[in-house]
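Report on the structure given below.
Chain A is the first sequence line, chain B the second, and so forth, proteins listed ahead of strands; every chain is numbered from 1.
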Amino acid sequence: MNRLQQWLPRLVLAPSFFVILVFVYAFILYTGYLSFTDSRMLPSYGWVGFENYTKLFALRHWNTALVNLAIFGVLYIGICSVLGLFLAILLDQKIRGEGFIRPIYLYPMALSFIVTGTAWKWFLDPGIGIENTFHNLGWTSFHFDWIKDRNYAIYTVVIAAVWQSSGFVMAMFLAGLRGVDNEIIKAAQIDGASPARIYRKIIIPMMRPVFLSAFVVLAHLAIKAYDLVIALTGGGPGRATEVPATFMYSYTFTRNQMGVGASSAIIMMIMVFSIIIPYLYSELKSGDNR
Amino acid sequence: MTRSISQDNAVSSSRMTRALIYAVLLVFVFYYLLPLYVMVANSFKPLDEIRGGDLMALPKVWTLAPWASAWSSAQIGVEPTGLKPYFINSILIVVPAVFLSTVFGALNGYVLTKWRFKGDGIVFGMMLLSCFIPFQIVLIPAAKVLGFLGLAGTLKGLILIHFSAGIGFSTLFFRNYYAAFPTELIKAAQIDGASFFQIFRRILLPSSAPIIVVTVIWQFTNQWNDFLFGASFSGFGTTPMTVALNNLVNSSTGVKEYNVHFAGAILAALPTLLVYIVAGKYFVRGLMAGAVKG
């Protein structure tokens, strides 16, 4: 009985740990191994060294995907952070109806990216969407067809993604702002500092941990972005909105280049881990010191 | 962060500034509501009213036909079944997966904080890191292993995949929550002879409601909204709602029935929106209070 009590906690933990061990870590190792093989339609185990990686970085589609990820990531993280902070500061001014406004800013995060993509796909469609609306209003020269334009389509992904995520970032900043000790602010006001100055010099610098959390959350969402691109543009027009996640899927499952697909998944994982691991490490360390 | 200890940092009281603040906040209310409005308004219009008219306008003729079509007769893939069977598939996948990942998450959090053992830090670290992996990295081996287990294209297979993707977060949530729970109470109960499960059921579980709400909402939203696993591992008869909606909207054949697409999109969004409306307040509060910080 006593021995059982001693082992019970570990037994309870075991199924979850086993699932994680196999479905995450063993799978990562397997995908890593495949990225060094000549796998095409099915896994195959002929060792080819770094050939898939050299092939990958020579592919035009992969380079498009990386450029798109850079554009999307920078704009998505940048706009969400700025807009989120801006709205949080405004909502933090003793707003009547805050309880009404906040859920409206937040609800998009409950939606599937497929739903968001569907809504924005037709909303941005020049035939029936916003361009058509302005034409009906009499502004017939109004032109907005980014979603059909190879050079601008990636920006429509940014528009839809910012709509979906900025409210959540706002909530993170609002929680941060509510944690600021307002004695400091009162003292600064008594010293005659202007509101803009108080925010610039005191409050916003205190939001550094929130900026960091928001960055980590948004960056890993950006690297993983798949559903939204599929629903909004399908990776098109042409392959103009290819991102690493859509690249990995199409090379692995429809173009029968599993080795190249696996190597692209490994690159994605390295990108995510290079952001996440330092963050988790510093969080856990500061957690222990507390 | 509860409302009672929170404090806002209002700095300006000039009437002009305040009017401007309210105006800007209101503009953003419209911004966030606009796509939802477009979806709802156009889901009640006949198709020719959308094509010949204006996406922003309210319907001139109200009709429920797009909803009926999206639910029970629209062409999805090759079958004119509507979204109904896929909606049911999603429920059959998500309900057990949410239940399992919440129960095991709670037990894991309990073990990792109150029954610590040598190496538990490594176990937790591995579970934590698993929350953030890009799922593309597991797609190929998962397809192979599900096939090997005879679970390819089955509901059980999808439940297993969702469990493996969700258990890290559940464990994280409960571990952080239980870490703040006084260990002395556990010790005292142990001395009184209470067993492992008795302590969990009688002492921890009764005060776990807030974190259960956070975990259930988190898992439900993520699993209901999943597209990648559904697209990769579901088979004929187990396809979830998001994949079916995407097939409906992006099918290249026939006339584009925008009104049906919008009705379908709302149907796909409804469960998570309902959960969010009913319990969203607790979710944000709980998430901000404990889960975001390590």
Looking only at atom types and distance, does a side-chain atom of Asn225(B) sit under 3.5 Å from a main-chain N or O of Phe113(A), one as donor and one as acceptor?
-> no

Here the gap from Ile276(A) atom CD1 to Leu129(B) atom CG, rounded to the nearest 0.5 Å, amounts to 8.0 Å

Met39(B) portion near chain A, given a 4.5 angstrom heavy-atom threshold = side chain

Checking Tyr22(B) against chain A: side chain, backbone, both or neither under 4.5 Å from a heavy atom?
-> side chain

Output, in order, the C-alpha distance, side-chain angles, deciding distance and verdict of side-chain contact (heavy atoms from CB on, under 4.5 Å) for Ile101(A) and Phe28(B).
-> CA-CA 9 Å; Ile101(A) 295 173; Phe28(B) 278 94; over 6 Å; no

So, the part of Lys114(B) with a heavy atom under 4.5 Å from chain A: the answer is neither

Val138(B) side chain reached by Thr31(A) side chain, heavy atoms, under 4.5 Å | no

Just wondering, do Ser164(B) and Val24(A) contact through their side chains at under 4.5 Å, heavy atoms?
-> no

Most contact-rich option vs chain A, by heavy-atom pairs under 4.5 angstrom, among Phe117(B), Trp115(B), Tyr110(B), is Phe117(B)

May I ask you to test the Leu33(B)-Tyr107(A) pair for a side-chain heavy-atom distance under 4.5 Å?
-> yes

Cut-off 4.5 Å, heavy atoms of chain A, and the answer for Ala231(B) is both

Check each atom of Ser101(B) against the heavy atoms of chain A and say whether the ones under 4.5 Å are side chain, backbone, both or neither.
-> neither

Interface moiety of Phe197(B) toward chain A, non-hydrogen atoms closer than 4.5 Å = side chain

Can you tell me if OH on Tyr281(A) sees more than 12 non-hydrogen neighbours from other groups inside 6.0 Å?
-> no

Side chain, backbone, both or neither of Ile277(A) within contact of chain B (heavy atoms, under 4.5 Å) | side chain

Is chain B contacted by the side chain of Ser264(A), its backbone, both, or neither, given a heavy-atom distance below 4.5 Å?
-> neither

Side chain, backbone, both or neither: which part of Leu34(B) has a heavy atom under 4.5 Å from chain A?
-> side chain

With side-chain contact (heavy atoms from CB on, under 4.5 Å) as the test, would you mind laying out the steps for Leu13(A) and Phe104(B) before giving the verdict?
-> CA-CA 8 Å; Leu13(A) 197 60; Phe104(B) 277 95; over 6 Å; no

With a 4.5 angstrom heavy-atom cut-off, could you sort out which part of Val145(B) is near chain A: side chain, backbone, both or neither?
-> side chain

Which bit of Phe132(B) is near chain A, if near means a heavy-atom gap under 4.5 Å: side chain, backbone, both or neither?
-> both

Step by step, work out the side-chain contact (heavy atoms from CB on, under 4.5 Å) result for Met248(A) and Ile140(B).
-> CA-CA 10 Å; Met248(A) 185 274 165; Ile140(B) 304 169; 4.1 Å; yes

Check whether any side-chain heavy atom of Phe23(A) sits under 4.5 Å from a side-chain heavy atom of Leu160(B), and report yes or no.
-> yes

Are any side-chain N or O atoms of Tyr25(A) and backbone N or O atoms of Met126(B), one a donor and one an acceptor, separated by less than 3.5 Å?
-> yes

The interface call for Val38(B) against chain A, heavy-atom contacts under 4.5 Å, is side chain

Which residues share a salt bridge (charged side-chain N to carboxylate O under 4.0 Å, His left out) with Asp54(B), sequence neighbours left out | none

May I ask you to test the Pro108(A)-Tyr32(B) pair for a side-chain heavy-atom distance under 4.5 Å?
-> yes

How about Thr242(B) and Asp227(A): do any of their side-chain heavy atoms sit closer than 4.5 Å?
-> no

Nearest 0.5 Å please: distance from the CZ atom of Phe17(A) over to the CG atom of Leu112(B).
-> 10.0 Å

Quick one: what part of Phe196(B) sits under 4.5 Å from any heavy atom of chain A, side chain, backbone, both or neither?
-> both

Working for side-chain contact (heavy atoms from CB on, under 4.5 Å), residues Ile133(B) and Phe273(A) = CA-CA 8 Å; Ile133(B) 57 155; Phe273(A) 279 9; 3.6 Å; yes

